[in-house]
Amino acid sequence: MPLHKSLYLLLLALLPVLAVAQKRPTPPAGTPPKGQRIELLPGTQELVGGTFNGVAIRKLIGNVSFRQGTTLLYCDSAYQYTERNALEAFSNVRIIQNDTVVITGDRGTYDGDTRKARITGNVTMRDPRMTLTTSLLDYDLNTNLAYYNTGGHLVDPENTLDSQFGYYNTTSKIFSFRRNVHVVTKSNEINSDTLQYNTISKVTYFFGPTRIKDKLQRTLYAENGNYNTITKLANFQRNAKIETPEYLLGGDKLTYDQNSEYGVATGHVSMTSKKDNLVIRGDVGHYWRNLGRTKVYGTRPVMRNISGKDTLYMAADTLLSIEAKPPQTNTRSVLYAFHKVAIFRGTMQGRCDSLTYDRQDSIIYLNRDPVLWSEKNQLTADSMEIRQRRSKIDQIRLYANAFVVGQDTLLNFNQVKGRNMVAYFAENKLKKVDVLGNAESLYYALEGDTVVSGVNKALSANMALRFAESKLNSISFLTNPDASFIPPPELKPEDAKLKGFAWRATERPTRRQVLGKHFALPVKAKPKARSKLKTRSKAKPTTPKKAAPSKPIVPKPTTPKVATRPPAAR
């Protein structure tokens with residue numbers, strides 16, 4: 001065969017080998033080739049060779065030192081297994097990798113082929129950023145990953161960390177802890193189930209239920225997120241909460257700065273004032289602890305205030321709660337609501353543009369076009385006050401252009417207006433209304449709840465109205481009364497309304513409207529469809545009962561009583 005053809009065939013045969021050689025990755029600098037023998041360094045005081053239990057061993061005593069690549073191992077004595085490139089080290093064991101990671105212990109094993117070491121007994125691992133102590137440590141020099149499962153304690157210049165299990169990557173300088181994780185910083189204690197800690201940035205990352213508690217009795221809780229132990233900035237997710245002796249603020253996500261004591265919660269936000277049994281829910285919440293202030297908004301936030309068996313619900317575009325500023329305790333607790341406020345409480349509902357709730361005095365101030373409904377009665381004025389006593393409505397004060405409208409059984413509108421009014425309640429039911437200044441009244445006289453006998457119209461400086469079962473029962477004209485009675489044939493449309501009359505029943509908020517999505521009522525299960533098949537049963541004869549003698553039905557008078565008092569009687 002010619003020489004040039006032989007060389008051509010030889011090149012074709014070598015091409016696959018050359019291609020594989022080009023694709024083979026280059027090992028990292030300082031990493032010994034696989035299977036490199038562990039080298040015994042000079043200085044060992046005594047060396048004894050032999051076979052023990054059928055295994056060839058070199059027994060080394062005194063100042064023993066080994067090297068494999070950039071890894072050094074020192075000990076007082078060792079067994080070197082020459083046939084499988086491994087060794088056992090005893091007493092004052094020390095492993096040094098790349099002049100940065102130092103591991104010490106009482107005893108150790110090292111496999112030169114897999115480059116894995118196990119150190120036991122008073123184990124200490126050090127690098128320039130931290131010190132780890134444990135009773136047993138496995139260290140993979142290929143991946144630079146150390147692992148312990150018998151409990152470990154880590155110390156760095158800023159924090160200490162304890163856990164049952166732990167991994168440490170000596171390249172990324174990141175620790176991973178599991179089970180009974182406890183971190184102590186200069187100002188906090190952190191307890192978690194699963195946590196990562198970056199020894200360079202000093203940031204902790206947690207992936208399970210975690211609590212961070214500071215010296216001021218504030219607790220941060222979340223099930224996912226991170227916390228910077230230097231800047232004290234927390235980014236929490238999944239059931240995130242801030243709890244103080246006064247407040248509990250939570251949401252799906254929470255960002256909190258412990259230095260400025262400012263936090264922002266988003267998604268299913270809930271703020272609880274512990275001493276008032278008050279809860280506010282919304283989409284976004286801002287919390288300023290230094291100011292004692294919480295602001296909740298987004299998709300109509302709702303406040304719930306439970307007082308015994310009675311519950312007050314309040315919805316608005318924005319709810320702002322003011323509490324005592326730490327360490328003060330005598331600051332008034334006030335809730336501001338704005339705009340488009342809606343109220344629902346038992347038999348009373350209301351609307352206004354803005355509202356102030358002084359929780360210390362139990363007074364609710366309604367501003368800008370307020371309107372309240374109590375059963376079939378409507379109250380309006382330029383502004384109002386709802387005064388409570390023992391968690392129940394005691395008074396409603398109406399200021400300027402006060403107007404009360406009530407419907408009778410025939411849906412006629414009985415009306416009273418004046419400069420100011422005071423409505424008195426008992427067991428949350430309207431009992432009396434005092435009209436103070438420029439009083440006017442219009443009410444329908446009924447016969448047997450079925451026929452209108454006429455309309456009573458009256459003017460007086462002051463009036464007093466009394467109610468029974470929230471229905472108008474009597475009117476007293478206290479000063480300079482001027483009354484007239486209009487029979488039905490003479491009743492004109494303009495006589496049926498006082499100036500300023502407006503029936504606003506369509507604006508009356510329902511329970512579902514006020515509670516919205518934040519306090520949504522449970523969905524009732526649909527009843528099961530009944531079977532169309534009917535079972536036949538024999539009809540049992542029944543003995544007719546004697547009818548009881550009927551009593552004559554006497555209609556109750558519904559026309560309010562009118563009492564006129566001369567001026568001197570006041």
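Residue numbers start at 1 and run along the sequence shown.
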Looking only at non-hydrogen atoms, find the nearest pair between S383 and P370 and report the distance. CA-CG, 3.8 Å
Charged N to carboxylate O below 4.0 Å: is that the case for [X] and [Y]?
| X | Y | value |
| --- | --- | --- |
| D317 | R300 | yes |
| E158 | K202 | no |
| E243 | K241 | no |
| K392 | E427 | yes |

Charged tip of R107 within 45° of F90 ring normal and under 6.0 Å: no
Sidechain-backbone polar pair: [X] side chain, [Y] backbone, donor-acceptor under 3.5 Å:
| X | Y | value |
| --- | --- | --- |
| N142 | T114 | yes |
| D193 | N180 | no |
| E88 | S77 | no |
| T171 | N169 | no |
| T134 | L137 | no |

Side chain to side chain contact (heavy atoms under 4.5 Å, CB included) partner of Y74, the single match among V93, I96, N63: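 Result for side chain to side chain contact (heavy atoms under 4.5 Å, CB included) with Y74: I96.
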